[in-house]
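Beneath this line is the structure, given in structure tokens, with notes to follow.
What's counted below: heavy atoms across the whole structure, side chains too, no hydrogens, waters or symmetry copies.
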Amino acid sequence: MLTAASAVMGLVLPTGIAFAQAAPARLPRAKEENAGHYRFRVGDISATVLSDGLIGGPARVYASDAPEADLQDVLRRAFLPTDRLTLNLNTLLIETSGRRVLLEAGAGQTMGPQGGRIFENLAAIGLQAEDIDVVVVSHTHPDHVGNLRTADGGKAFPRATVFAPRADWDFFVRNDPDLSYMPVPEDFRRNFAAAIRRSVEPVTHGIELYEAGVQIVPGLTTLPAFGHTPGMANFLVQSGNDQLLLTADLAYHPIVNVDRPWVPGPDRDKDAALASRRRIFDMAAADRLLVLGFHYPFPGLGRMLKTDAGYAWVPVSWQF
């Protein structure tokens with residue numbers, strides 16, 4: 001399967017730091033080299049985190065109000081580079097009511113060459129893009145819709161019904177969006193908008209637009225999480241007493257947006273995004289929900305703790 005390609009590889013900041021970064025140093029190979037999928041269950045629902053790879057950029061973009069000295073110190077203490085922040089692309093495949101449902105399409109290569117891995121990770125679990133029945137995106141940023149288009153302009157998931165938030169579709173696709181709120185250069189904004197329109201072209205006819213709060217399929221409900229974009233949704237997967245909450249881009253990395261309360265620069269309405277973040281993180285902590293962060297270190301699963309200072313992220317232990 002060819003991934004979304006090519007047209008918007010120019011998403012690079014003037015410092016020369018791209019939103020996709022150089023490949024990390026190689027680590028000793030594990031017995032099973034492929035660590036791009038992670039299986040677990042939510043009650044009777046089979047769930048698999050499928051990595052679409054990595055993107056990244058200057059940490060300042062994702063922690064826009066952090067004092068510089070504090071930001072550098074936090075990154076050093078977490079043994080992270082101080083000049084960039086790596087973000088994962090954690091899509092989720094669930095199998096419920098006889099359908100295979102993909103939550104988030106992933107970036108493809110719309111934001112750099114390290115994206116677009118979802119198809120090989122589908123193959124690693126014995127599936128192809130043709131096996132996906134439904135694709136639901138939380139919002140229409142390129143790293144969530146990039147894989148909807150193949151390199152030759154076709155529909156990457158040929159049998160799937162694609163669902164997207166109506167307010168995002170109206171803002172990003174039906175109109176020329178004002179992206180002046182994004183803390184990036186103007187040429188990046190133009191390429192970003194073009195990446196969205198190009199990625200969704202193959203699904204424009206037949207797209208299903210939803211209002212957050214509706215159930216898409218049995219066991220999958222959308223939750224309003226507005227602010228990052230006009231229509232961003234979160235997802236709640238439920239089977240029996242088991243629940244999984246997908247928080248999309250409420251936070252980019254737990255080091256800067258959960259353990260610290262710093263504001264993501266790409267949030268369009270920062271006050272609304274903050275209110276959504278607090279409301280949903282409070283719910284996750286109070287109900288002790290299993291949480292999947294789209295950009296968190298793979299496989300992105302953990303839980304939220306409420307603390308005196310705000311919240312803390314507790315990754316789950318890897319289960320073999």
Partner residues of Asp170 under the salt bridge (Lys or Arg N to Asp or Glu O under 4.0 Å) criterion, sequence neighbours left out: Arg174

Got a sec, which residues hit salt bridge (Lys or Arg N to Asp or Glu O under 4.0 Å) with Arg100, two or more places apart in sequence or on another chain? Glu95

What pairs with [X] under side-chain contact (heavy atoms from CB on, under 4.5 Å), at least two apart in sequence or on another chain?
{"X": "Pro264", "answer": "Tyr252, Asn257, Pro266, Asp267, Arg277"}
{"X": "Pro261", "answer": "none"}
{"X": "Ala312", "answer": "Asp259, Leu305, Thr307"}

Please assess Glu186 against Arg189 for the test salt bridge (charged side-chain N to carboxylate O under 4.0 Å, His left out), listing each intermediate value before the final yes or no. CA-CA 5 Å; Glu186 179 58 31; Arg189 296 172 192 156; 3.3 Å; yes

Run the ring pair (Phe, Tyr, Trp, His ring centres under 6.0 Å) test against [X] and tell me which residues pass, sequence neighbours left out.
{"X": "Phe163", "answer": "none"}
{"X": "Phe226", "answer": "none"}
{"X": "Trp313", "answer": "Tyr296"}

Could you give the distance from [atom1] ([X]) to [atom2] ([Y]), rounded to the nearest 0.5 Å?
{"X": "His37", "Y": "Ile125", "atom1": "NE2", "atom2": "CD1", "answer": "7.0 Å"}
{"X": "Thr91", "Y": "Ile118", "atom1": "OG1", "atom2": "CD1", "answer": "3.5 Å"}
{"X": "Ile196", "Y": "Glu201", "atom1": "CD1", "atom2": "CD", "answer": "12.5 Å"}
{"X": "His295", "Y": "Ile55", "atom1": "NE2", "atom2": "CD1", "answer": "5.0 Å"}
{"X": "Leu93", "Y": "Leu127", "atom1": "CG", "atom2": "CG", "answer": "6.5 Å"}
{"X": "Ser239", "Y": "Arg41", "atom1": "OG", "atom2": "CZ", "answer": "8.0 Å"}

Main-chain N/O of [Y] paired to [X] side chain as donor or acceptor, under 3.5 Å:
{"X": "Asp70", "Y": "Ala66", "answer": "no"}
{"X": "Asp65", "Y": "Val263", "answer": "yes"}
{"X": "Asp131", "Y": "Gln128", "answer": "yes"}
{"X": "Asn88", "Y": "Leu54", "answer": "no"}
{"X": "Tyr62", "Y": "Trp262", "answer": "no"}

Do any side-chain atoms of residues 176-184 form donor-acceptor pairs under 3.5 angstrom with protein atoms, and if so which ones, sequence neighbours left out?
residue, atom, partner, partner atom, Å
Asp178, OD1, Ser180, N, 3.0
Asp178, OD1, Ser180, OG, 2.8

When hydrophobic residues are tied together by side-chain contacts of less than 4.5 Å, even through go-betweens, does [X] share a cluster with [Y]?
{"X": "Met111", "Y": "Phe172", "answer": "yes"}
{"X": "Met304", "Y": "Leu301", "answer": "no"}
{"X": "Phe40", "Y": "Val316", "answer": "yes"}
{"X": "Val237", "Y": "Ile216", "answer": "yes"}
{"X": "Leu71", "Y": "Val258", "answer": "no"}

When you compare the side chain of [Y] with that of [X], does any pair of heavy atoms fall below 4.5 Å?
{"X": "Ile207", "Y": "Val173", "answer": "no"}
{"X": "Val137", "Y": "Asp168", "answer": "no"}
{"X": "Val135", "Y": "Thr161", "answer": "no"}
{"X": "Pro230", "Y": "Trp169", "answer": "no"}
{"X": "Met232", "Y": "Leu250", "answer": "yes"}
{"X": "Arg268", "Y": "Thr229", "answer": "no"}
{"X": "Val136", "Y": "Val101", "answer": "yes"}
{"X": "Leu223", "Y": "Phe235", "answer": "no"}

Can you see which heavy atom on [X] is nearest to which on [Y], and at what distance?
{"X": "Gly108", "Y": "Asn147", "result": "CA-OD1, 2.9 Å"}
{"X": "Ala284", "Y": "Val291", "result": "CB-CG2, 3.9 Å"}
{"X": "Arg260", "Y": "Ile255", "result": "CG-O, 3.5 Å"}
{"X": "Ala195", "Y": "Thr110", "result": "CB-CB, 4.3 Å"}
{"X": "Val42", "Y": "Ala47", "result": "CG2-CB, 4.5 Å"}
{"X": "Pro165", "Y": "Ser138", "result": "CG-O, 3.1 Å"}

Considering only distance and modelled atom types, tabulate donor-acceptor pairs under 3.5 Å from the side chains of residues 240-248, sequence neighbours left out.
residue, atom, partner, partner atom, Å
Asp242, OD2, Gly43, N, 3.0
Gln243, NE2, Gln238, OE1, 3.2

Give every residue pair that meets the salt bridge (charged side-chain N to carboxylate O under 4.0 Å, His left out) criterion with at least one member in residues 298-320, sequence neighbours excluded. Asp282-Lys306

Given the rule in the side-chain contact (heavy atoms from CB on, under 4.5 Å) test, do Val145 and Val203 qualify, once you have shown the distances and angles that lead to the verdict? CA-CA 10 Å; Val145 300; Val203 301; over 6 Å; no

From CA spacing to verdict: side-chain contact (heavy atoms from CB on, under 4.5 Å), Leu75, Leu85: CA-CA 9 Å; Leu75 294 171; Leu85 196 61; 3.9 Å; yes

Which word best sums up how the rings of Phe281 and Tyr311 line up, parallel for under 30°, tilted for 30 to 60°, or perpendicular for over 60°? perpendicular

In terms of relative ring orientation, are His141 and Phe192 parallel, tilted or perpendicular, with 30° and 60° separating the classes? perpendicular

Do other residues, nucleotides or ligands put more than 12 heavy atoms under 6.0 Å from the CZ atom of Arg76? yes

Mind checking what makes side-chain hydrogen bond (donor to acceptor under 3.5 Å, both in side chains) contact with Asp133, not counting sequence neighbours? Arg159

Let me see the working for Ile132 and Leu122 under side-chain contact (heavy atoms from CB on, under 4.5 Å), right down to the final yes or no. CA-CA 10 Å; Ile132 303 301; Leu122 273 170; 4.2 Å; yes

Just checking His144 against Phe294, ring centres under 6.0 Å apart? yes

Test side-chain contact (heavy atoms from CB on, under 4.5 Å) on His253 and Leu80; report intermediate values, then the result. CA-CA 12 Å; His253 196 293; Leu80 295 174; 4.2 Å; yes

